[in-house]
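Contents: one structure, followed by commentary.
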Amino acid sequence: MSTRPWVCMGDFIDILANHEKKGGRRQPNALIQGFRNAVMAAGLCDFPMSGYKFTWETGRGSDRWVEEKLDRVLTSPSFNSLFSHARAASLEASSSDHLPILLEIRLFIPTQLARRFKFENSWRREP
């Protein structure tokens, strides 16, 4: 357990709830609970994402079409506090069975504290 801000993102090959799967057999509750327990034990939480919620699919166009949210962003509470303006989204992809995830990290700096950078021409004379 670390108090530093951290983020884990990618294909976790499991779901946190049955509503994260469409089609196919129902995911066993023991597997869902095991993944939930691992996320909680690591001190992480599921970061909200915009875009299409199912990030993986197989069997498109057939009666065996399955979609699941396997790809996700997990963050620590300190990450969420420090990067409160961060956003995540699933993007469209045509060549993979997984959707890519974009994580935009924006550190909010109040405008009264932000300083404008000024370039001095005399700096070019310095080696």
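Residue Arg125 holds its CZ atom at 10.0 Å from CD of Glu120, rounded to the nearest 0.5 Å. Here CD of Glu68 is found 10.0 Å from CG of Asn18. Values are rounded to the nearest 0.5 Å. For the atom pair CG (Leu44) and CG (Leu74), the distance works out to 5.5 Å, reported to the nearest 0.5 Å. For the atom pair OG1 of Thr58 and CZ of Arg60, the computed distance is 11.0 Å after rounding to the nearest 0.5 Å. In this structure, Leu70 CG and Glu57 CD are separated by 11.5 Å, a value rounded to the nearest 0.5 Å.
A continuous path of Ile, Leu, Val, Met, Phe, Trp and Tyr side chains, each step under 4.5 Å between heavy atoms, connects Ile105 with Val73, placing both in one hydrophobic cluster. The same ILVMFWY cluster, assembled from side-chain heavy atoms under 4.5 Å apart, contains both Leu82 and Met9. Hydrophobic cluster membership differs between Phe12 and Ile32, with clusters built from Ile, Leu, Val, Met, Phe, Trp and Tyr side chains linked at under 4.5 angstrom. Follow the hydrophobic side-chain contacts under 4.5 Å out from Val7 and you reach Phe83 in the same cluster.
When side chains are defined from C-beta on, Cys45 counts as touching Thr75, because their heavy atoms get closer than 4.5 Å. Two residues are said to be in side-chain contact when any heavy atoms from C-beta on lie closer than 4.5 Å; Tyr52 and Leu99 meet this criterion. When side chains are defined from C-beta on, Gln27 does not count as touching Glu20, because their heavy atoms never get closer than 4.5 Å. Residues Ile15 and Leu31 have side chains not in contact (no heavy-atom distance under 4.5 Å, counting atoms from C-beta outward). For the pair Ile13/Trp56, no side-chain contact is recorded, criterion being any heavy-atom separation below 4.5 Å from C-beta on. Using a 4.5 Å heavy-atom threshold, the side chains of Thr3 and Ser78 count as separate.
Across all their heavy atoms, Ala89 and Met49 have their closest contact at N-CG, 4.4 Å. When every heavy atom of Lys21 is checked against every heavy atom of Gly23, the shortest pair comes out as CE-O, 3.4 Å. Minimum heavy-atom separation, Pro77 to Gly43: CD-O, 3.3 Å.
In this structure, the side chain of Ser76 engages the main chain of Trp6 through a donor-acceptor pair within 3.5 Å.
Under 4.0 Å is where a charged nitrogen must lie from a carboxylate oxygen, and between Lys22 and Glu67 at least one such pair does.
Under the salt bridge (charged side-chain N to carboxylate O under 4.0 Å, His left out) criterion, Asp46 pairs with Lys69, Arg72, sequence neighbours left out.
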